[in-house]
Participant: 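I am attaching a structure below and will ask some questions about it afterwards.
Start at 1 with the first residue, then count along the sequence. Only heavy atoms go into these numbers, but all of them, side chains included; no hydrogens, no water, no symmetry mates.
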Amino acid sequence: MLLDANIKAQLAQYLEMMEGDVLLKVSAGSDETSRNMLELVDELATMSSNIKVEHAELKRTPSFSVNRIGEDTGITFAGIPLGHEFTSLVLALLQVSGRAPKADEKTIEQIKSLDGNYHFETYISLSCTKCPDVVQALNLMSVLNPGITHTMIDGATFKEEAKDVMAVPSIFLNGEPFADGRMSLEEILAKLGSAPDASDFADKDPFDVLVVGGGPAGASAAIYAARKGIRTGIVADRIGGQVLDTAGIENFISVKRTEGPQFAASLEEHVNEYDIDVMNVQMAKRLEKKDAVEIELENGAVLTSKTVILSTGARWRNIGVPGEAEFKNKGVAYCPHCDGPIFEGKDVAVIGGGNSGVEAAIDLAGIVNHVTVLEFAPALKADSVLQDRLHSLSNVTVVTSAQTTEITGTDNVNGITYVDRETETEHHIELSGVFVQIGLVPNTEWLGDAVERNKFGEIVVDSQGATNVPGVFAAGDCTNQAYKQIIISMGSGATASLGAFDYLVRN
């Protein structure tokens, strides 16, 4: 039995929501993956009378497509969509059966209005937490537009085909590289040229509170503002922010464990419960204080608000050495949970000896052949419990006082060079992957001198989240708050929102 009893019980409830018949066309061989895939398909068919099965010859074996009766819908799973992709399979079954997708009417119309033929292929890893967002978005597009098809390809099943794929998800369009990494439905549409322009924002009235950034701090700030009954908006490049790239979350009090994408989905769902104008896939490029505060977007639109809360978060810090940019997604990676399986049986390095770096090394040690941890300081900085676990692993080497000077390679990474800071001797290690885990840098460059920032680029705030500019507040990882944690960011978002409301009352 491929599905355990608990999963089957949950699946049965979802399959009852199917609104019409679905035909699974199955292309299988004699290999073990094909046998497991057939077992999965047969289990699905026995659980719902709406699911029919037909053997066929598809482009890849093993694979199966999900179709309306008498119509090729364009959704194919090459490999077995279990792990994080099981939800993608369930949604495909429901949506192909006729169940309405969870997308707003404007987005649905954008998808339907795309002209031409778009044949997408996405290489994924079943352990990747970022991949399902892409798979589900492209599957949805395939359901709504007959000119769009999408195939999910499990790199572990099609190793030879995916041998040059060094980061997941990796998206190809009509046989050519399209994008790497997490993308929302709105981001995919924007990249295809179907994004809102300045005219779509021209008629917006001034806001009372405008939040820039959609992570935990921004969501919290917007909800607190909306609950006051004042006109509230969010401008964000993606709702959820960096949380979307977080695997396990175990320190959000009252929730024993969750995953970043699930947490981000809950944030978005909560925001949507309120009358908040959410402007997603939008980047701010200028802030100017006049009678009100102006925020100019990259598409040229200008929004005005009585108060603004900056919650633009932070991103992974680059090591800044030759080879890092050149080999990004070609052996240089930042997410061990997503990209670790690509380096199965190979040698890799982790740059950084803090909690993130040591956790990455521990995770990778169970997948790869060998992990070398390079720490700039004389000792690791991770918590002692993590260090104890790391030192218990036989395929991990720790090098301290190591200054990385270059990541080498030709088409892909083939090594890393570092200098021993104590002896000043240079060393080179041959390997296939480098995971950079050296902390965060705030997303505040676009502000320039508009608000006060410290030497690290963090926005300086007071106890109410106020900046040095009247009416401008800030919260979360983009500020000089002491610790960068989800729960602290959410608290600071609430604080900044209450501070902004108090400012409105007094002004």
Participant: Taking atom types as modelled, find out whether D180 and Y123 have a side-chain donor-acceptor pair closer than 3.5 angstrom.
Facilitator: no

Participant: Do V278 and E268 come close enough that some side-chain heavy atom pair is under 4.5 Å?
Facilitator: no

Participant: Under a 4.0 Å threshold between the charged nitrogen and the carboxylate oxygen, would E298 count as salt-bridged to K285?
Facilitator: no

Participant: Could you check whether D133 and S184, counting side-chain N and O atoms only, form a donor-acceptor pair closer than 3.5 Å?
Facilitator: no

Participant: Could you check whether any side-chain heavy atom of V135 comes within less than 4.5 Å of a side-chain heavy atom of P169, counting everything from C-beta outward?
Facilitator: no

Participant: Have H370 and D347 got a donor and an acceptor in their side chains that come within less than 3.5 Å?
Facilitator: no

Participant: Would you call I148 and F120 a side-chain contact if the rule is heavy atoms closer than 4.5 Å?
Facilitator: yes

Participant: Answer whether the closest heavy-atom distance between the side chains of L126 and P341 falls below 4.5 Å.
Facilitator: no

Participant: Once you round to the nearest 0.5 Å, how far does CD of Q136 lie from OG1 of T122?
Facilitator: 11.5 Å

Participant: Quick check against the 3.5 Å criterion: does T479 have a side-chain atom that pairs as donor or acceptor with the backbone of A474?
Facilitator: no

Participant: When rounded to the nearest 0.5 angstrom, what is the spacing between CG in D477 and CZ in R315?
Facilitator: 12.5 Å

Participant: Side chains of V271 and I239: closer than 4.5 Å at any heavy-atom pair?
Facilitator: no

Participant: Do you see a donor-acceptor pair shorter than 3.5 Å between the side chains of N251 and Q485?
Facilitator: yes

Participant: Could you measure the distance from the CG atom of L91 to the CZ atom of F86? Nearest 0.5 Å is fine.
Facilitator: 10.5 Å

Participant: Would you mind reporting whether L287 and W446 have side-chain heavy atoms less than 4.5 Å apart?
Facilitator: yes

Participant: Do H428 and T417 have side-chain heavy atoms sitting under 4.5 Å apart?
Facilitator: yes

Participant: Could you tell me if the side chain of L393 sits less than 4.5 Å from the side chain of V371, heavy atoms only?
Facilitator: no

Participant: Would you say D4's side chain and N6's backbone share a donor-acceptor pair under 3.5 angstrom?
Facilitator: yes

Participant: Any side-chain donor-acceptor pair under 3.5 Å between N454 and E458?
Facilitator: yes

Participant: Could you check whether atom CZ of F343 has more than 12 heavy atoms from other residues, nucleotides or ligands sitting under 6.0 Å from it?
Facilitator: yes

Participant: Do side-chain atoms of R389 reach the backbone of I362 as a donor and acceptor pair under 3.5 angstrom?
Facilitator: no

Participant: Can you confirm whether the side chains of S27 and S63 place a donor and an acceptor under 3.5 Å from each other?
Facilitator: no

Participant: Working to the nearest 0.5 angstrom, can you tell me the gap between R317 CZ and L440 CG?
Facilitator: 7.5 Å

Participant: Under 6.0 Å from the CD atom of E424, do we count more than 12 heavy atoms belonging to anything else shown?
Facilitator: no

Participant: Between the side chains of E259 and T129, does any donor sit under 3.5 Å from an acceptor?
Facilitator: no

